[in-house]
Amino acid sequence: MLTATAPLTINEQLTQQAAGWRRELHKIPELSFDLYKTQEYIINLLKHWNIAYDLGYGKTGIVVTIKGKKQGDTIAFRCDMDALPMQDACGKSWASTHEGCSHSCGHDGHMAITLAVVKHLAAYNEFSGCVKILFQPSEENGQGAKAMIKDGLYKDHPYTQLYGFHNMPRLQDGTIQVRYGATTGAGEVFTLSVTGKSGHSSVPHKCINPISAACEIVNGWNNITTNIKNDMAIISTCKLNGGTAMNGIPEQALAGGTMRYFEAHIADYMRDNMHQIAKEVCKKYGAVYDLLFEVLCPATINTIEHTNTVIECAKQLYGAENVVTDVPASPGGEDMQFFVTDKVDGACWFMIGTKGTNTHTASFDFDDTCIHRAASMLVNIVYNRLAK
Ligand SMILES: [Zn+2]
Ligand SMILES: [Zn+2]
């Protein structure tokens, strides 16, 4: 039996330090798997603190191991690290120094919170078991978790339960929101290519304009999901490219975007209808199309036992009135579920309500005022699960 002498909240000095790291990380946002400066920044801190880590998972991922004073279970926390290919318009002195790249999803904040937890737990390791921190690249395009697992992460660093979180400015500040079961949707990308017949812009009747056909297809897709009630069904076309000259009709137009859903039959329905519309439009124009789908991430599933742990800890730190469980599942995609191997008992991904503009917005900046409670939340989960 351990005595509960370890503090369950991180201290003010560590909170301030974490806000400092967060702003430093905000200056150096990097994309996808190429998080070299970010990785270096984190490694430097870990070395300085004398904390064990392992590299070689998902190119720039980092796995941190903090052992407790006694043997026991192993808990893993997932922390995403990557930024977005967007211009930073946060207007702060710590704005991005990388052109066209910004931490508009707040993963800088997630890293700072998690680093504070690492430092705290290393100093107060009065728990029975082990904590693994999975610093993950490439969350935004749903590739990182899969890649880390493929590189042997689970074989080298097994764990029995997994937790993850995300800042959510669209939710009430000062709340923790968590739901049982499916909590983030499955995400799938689609790519459409329409091939027409190229020619001079002065003789469009002798050409088949693939841009016109692609526009009609994309507009048609917007009506597919209106028939689906009471279940998530989203088709968002986010890219449309075609042509290079102002006076030449191109041969090909390309479109791409994301589908989101919880249920597989909804995905089938959307895919079938997207094909049907593309087929009809191309027949009319005399064009040819190709439509490809690729699943990015499965739905994130919160298991009852582990969600109960999160709720219990959140009630203590945020107050029962600030713990919201009747929250709708998030349409946003998450790839955390790839870390839930068949040997993992369960997982929970929760949302932290924060101040400011929504994520994926150019003016977004992470809300540092959430750091103290969010980091303490993770510390509480450790002591709740590993205090035996
Ligand atoms: Zn994001
Ligand atoms: Zn994010």
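Order of listing sets the numbers, starting from 1, for every ligand and every atom in it. The first residue of the sequence shown is numbered 1, and numbering continues consecutively from there.
Judged by distance alone, the side chains of T65 and K132 do bring a donor and an acceptor atom under 3.5 Å apart.
We find the OG-CE distance between S32 and M81 to be 12.0 Å, quoted to the nearest 0.5 Å. Atom NZ of K70 sits about 12.0 Å away from atom CG of N125, to the nearest 0.5 Å.
Geometry about the Zn ion (ligand 1) gives an angle of 100° between NE2 of H360 and SG of C105, rounded in steps of 10 degrees.
Atom NE2 is the N/O/S atom of H166 found closest to the Zn ion (ligand 2). With respect to the Zn ion (ligand 1), E140 has OE2 as its nearest N, O or S atom.
Of the options T195, D290, V288, a side chain to side chain contact (heavy atoms under 4.5 Å, CB included) to Q252 is made by T195 and by none of the others.
Among the atoms of H110, none of the N, O or S atoms falls under 2.8 Å from the Zn ion (ligand 2).
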